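On a predicted model such as this, the values are computed, not experimentally measured, just so you know. Just so it is clear: chains get the letters A, B, ... in the order the sequence lines come, proteins before strands, and each one is counted from 1.
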Amino acid sequence: MNVLLDHFPEFRDGFIGTVSITAVSSVIALVLGIIVAGFRVSPVPPLRFFGTAWVTLLRNTPLTLLFLVSFFVVPEIFFPGMSPFVLGSLALGFYTSAFVCEAVRSGISTVPLGQAEAARSLGMTFFQTLRMIVLPQATRTVLPPLSSIFIALTKNSAIAGAFSVTELFGWQTLMSEQGYAIGPIFVWVAAAYLVVTFTISGIFRLLERRMEVAR
Amino acid sequence: MSASVLYDTPGPKARVRNRIYAALGTVAIIALVAVSILRLGDKGHLDPAMWDIFNYAGIRQNIAEALLSTLKAFGLAAVGSLVLGVLLAVARLSDHRPVRVVATGFIEVFRSIPLLITIYAVWVGFLVDYSMWALALGLSIYNGCVQAEVLRAGVNSVPKGQREAAYALGMSKTQVMTNVLMPQAVRAMLPTIISQLVVTLKDTSLGFVILYPELLYSARLIASNTQVNGQYPYVSTIVVFGAIYIALCLALSALATWIEKRGRRAKTGIAVHAAADPAEAPGVLDDAAPTGTGDGPDVADGPGITKN
């Protein structure tokens, strides 16, 4: 208990750090994932190839290595001096985008063929079909896997702490270096993560219930 | 094919349009790659000297040792997680309520805590001087929980008649589990189990936090201790080590796919669960989620029941 009371401001900063890096990289992962999923189902072969390469590469690379890329290669290519928070969110978001892409793609393939055929016979273009007919229906089937993916993202955000982003893992190492027993530290950090992951699964359950439509 | 949902077979006009898009897309992608390479070239990262470091025997020796220690930790973690997975799965399916509750609690807690947090706690708490064992133990705990859920889904996917027949032959509960249910569950879930092993392999890279000299740790070490033309060879090191990781993971994934295909050929009536690519959260977990501590093992319509 002492370790939490004595260092509550640091703990609070860590918690906020975890939540904000999770939120930012979720948005990056969602946007990129949907775009790449669009690439993977598009009728244009180079884009499909690009999408496949993207997913294969990112899914078979350890996230830790992506953090290295983000911290040591990205500043060389683009402008240097980006904050660890931005670089960490980029690594986490890009990594997760591969999983989001696969979830969205499998969601798209669960939409009945007749829906898209009907859309096409109404004269809709590829983008119209995707945007107005297929994606809204795919959303419902995609929600449960997305929820698991974002929970995994929250857990993966701990790695950012090893790359000098302020978050809960950083608090754990800091406290342990200050000589506190690891048991209580572990319990508090674990509890904080449980709060975040339960919130995410709660939000998704709410979304699922709201979007539920009999098919 | 999933693509056919979205568009018809293209006609002459659409083919022309697609070709234009294809050309534009290719140009855009190549431009993106080219700009990155040019920028890296400007900073001197593509200098032959940067890549020459891998010709030194010492660096090669380092890489070989790092690969070996990664594989060592992975081997230990693989065995550990599978053993723990079987134990936890059996405990979760137990007829005794306290055993079930404890196993469920253990799985739920350690599955929702970041692996890095667990590894670090194990290292600081018990095994400061043995980072390999700390890494292996942390990985075993987390992946054991996931494997347990995979195995449980596998047991639940065994047709009910198998269990009933075994009991009718007078087998004990233990015999039913070890001789009838578990072998079939493992068989059905083998591809998923191996996909989870790919995740385990990727996660060995967390060993760098607890100073275990695996691949990623030595990548950082090599890159930060060598200097070529006044610069650290991060780019070349990351490319080389990334290639090693990707090759390892793809080899394991290929094994999973091969086993799945082989399983499909055999006619035992129990389908082998589709080989998933390394996923962050295995889908079977969601199928098995709303079960928990009900009365008796529930026979959910798990993945992979074929009716012959």
Side-chain angles (χ1 to χ4, degrees), chain A residues 41-48 50 56-57 59-65 68-69 72-73 76-78 96 99 102 105-106 108-109 111 113 115-116 120 126 129-130 134 144-145 148-149 151-159 161-162 168-169 172-173 176 182-183 185-186 189-190 193-194 197, chain B residues 2-8 10 14 18 21-23 25-26 29 35-36 39-40 43 45 109 112-118 120-121 124-125 198 201-206 208-209 215-216 219-220 223 232 234-235 237-238 241-242 245-246 248-250 253 277-283 285-286:
Chain A
V41 298
S42 83
V44 185
L47 293 186
R48 271 210 305 269
F50 177 74
T56 313
L57 275 182
R59 232 176 12 184
N60 287 294
T61 316
L63 177 56
T64 340
L65 194 76
L68 278 193
V69 173
F72 295 107
V73 180
E76 296 283 293
I77 298 179
F78 302 104
T96 314
F99 298 96
E102 286 308 90
R105 198 167 67 100
S106 65
I108 287 175
S109 59
V111 175
L113 192 60
Q115 296 284 330
R120 277 204 299 276
F126 170 76
T129 318
L130 194 63
V134 177
S148 320
I149 288 170
I151 288 173
L153 185 149
T154 312
K155 293 190 284 170
N156 284 333
S157 75
I159 299 174
L168 284 166
F169 176 69
Q172 186 188 23
T173 47
S176 135
I182 191 70
I185 303 176
F186 179 74
V189 173
Y193 274 105
L194 287 180
T197 50
Chain B
S2 67
S4 64
V5 181
L6 291 169
Y7 48 87
D8 276 321
N18 282 353
Y21 288 149
T26 317
I29 292 167
V35 166
S36 310
R39 294 280 299 175
L40 287 178
K43 300 274 172 98
H45 283 291
V109 166
S112 21
I113 294 172
L115 179 54
L116 187 58
I117 303 280
T118 311
Y120 187 82
V124 171
V198 176
L201 178 62
K202 286 199 305 181
D203 285 345
T204 53
S205 67
L206 294 178
F208 88 97
V209 177
L215 277 171
L216 196 94
R220 285 189 84 170
Y232 298 107
Y234 270 105
V235 175
T237 326
I238 286 174
F241 280 84
Y245 269 117
I246 291 173
L248 286 178
C249 293
L250 285 181
S253 301
D277 289 294
E280 269 309 290
L285 305 188
D286 301 315

For [X] and [Y], work out which heavy atoms get closest and say how close.
{"X": "A:Thr64", "Y": "B:Ser205", "value": "OG1-OG, 2.6 Å"}
{"X": "B:Gly25", "Y": "A:Leu47", "value": "CA-CD2, 4.2 Å"}
{"X": "B:Asn18", "Y": "A:Val44", "value": "O-CG1, 4.1 Å"}
{"X": "B:Thr118", "Y": "A:Phe186", "value": "CA-CE1, 4.0 Å"}
{"X": "B:Leu116", "Y": "A:Ile159", "value": "CD2-CA, 3.6 Å"}
{"X": "A:Leu194", "Y": "B:Ser112", "value": "CD2-OG, 3.3 Å"}

Option in [options] with maximal non-hydrogen atom pairs under 4.5 Å from chain B:
{"options": "A:Ile182, A:Thr154, A:Thr197", "result": "A:Ile182"}
{"options": "A:Gly183, A:Ser176, A:Ala162", "result": "A:Ser176"}
{"options": "A:Ile151, A:Ile185, A:Thr173", "result": "A:Thr173"}

| message | I want to check something: taking the side chain as every heavy atom from C-beta on, are B:Leu250 and A:Thr56 in contact at a cut-off of under 4.5 Å? | response | yes

| field | Sub-4.5 Å side-chain heavy-atom contact between B:Tyr245 and A:Asn60 | value | no

| field | Verdict with supporting geometry, B:Leu206 and A:Leu63, side-chain contact (heavy atoms from CB on, under 4.5 Å) | value | CA-CA 9 Å; B:Leu206 294 178; A:Leu63 177 56; over 6 Å; no

| message | In terms of relative ring orientation, are B:Tyr234 and A:Phe72 parallel, tilted or perpendicular, with 30° and 60° separating the classes? | response | parallel

| query | Do B:Tyr21 and A:Ser42 have side-chain atoms, one donor and one acceptor, less than 3.5 Å apart? | reply | no

| said: Please report the interatomic distance CD1(B:Ile117) to CG(A:Leu168), rounded to the nearest 0.5 Å. | reply: 6.5 Å

| message | Let's test your reading of the structure: which of B:Thr237, B:Leu216, B:Thr26 forms the most heavy-atom pairs below 4.5 Å with chain A? | response | B:Leu216

| remark: Whatever's closer than 4.5 Å to a heavy atom in chain A on B:Phe208 counts as side chain

| chain A contact via B:Ile29 - side chain, backbone, both or neither, heavy atoms under 4.5 Å | side chain

| note | Whatever's closer than 4.5 Å to a heavy atom in chain B on A:Ile77 counts as both

| query | A:Val69 versus chain B, heavy atoms under 4.5 Å apart: side chain, backbone, both or neither? | reply | both

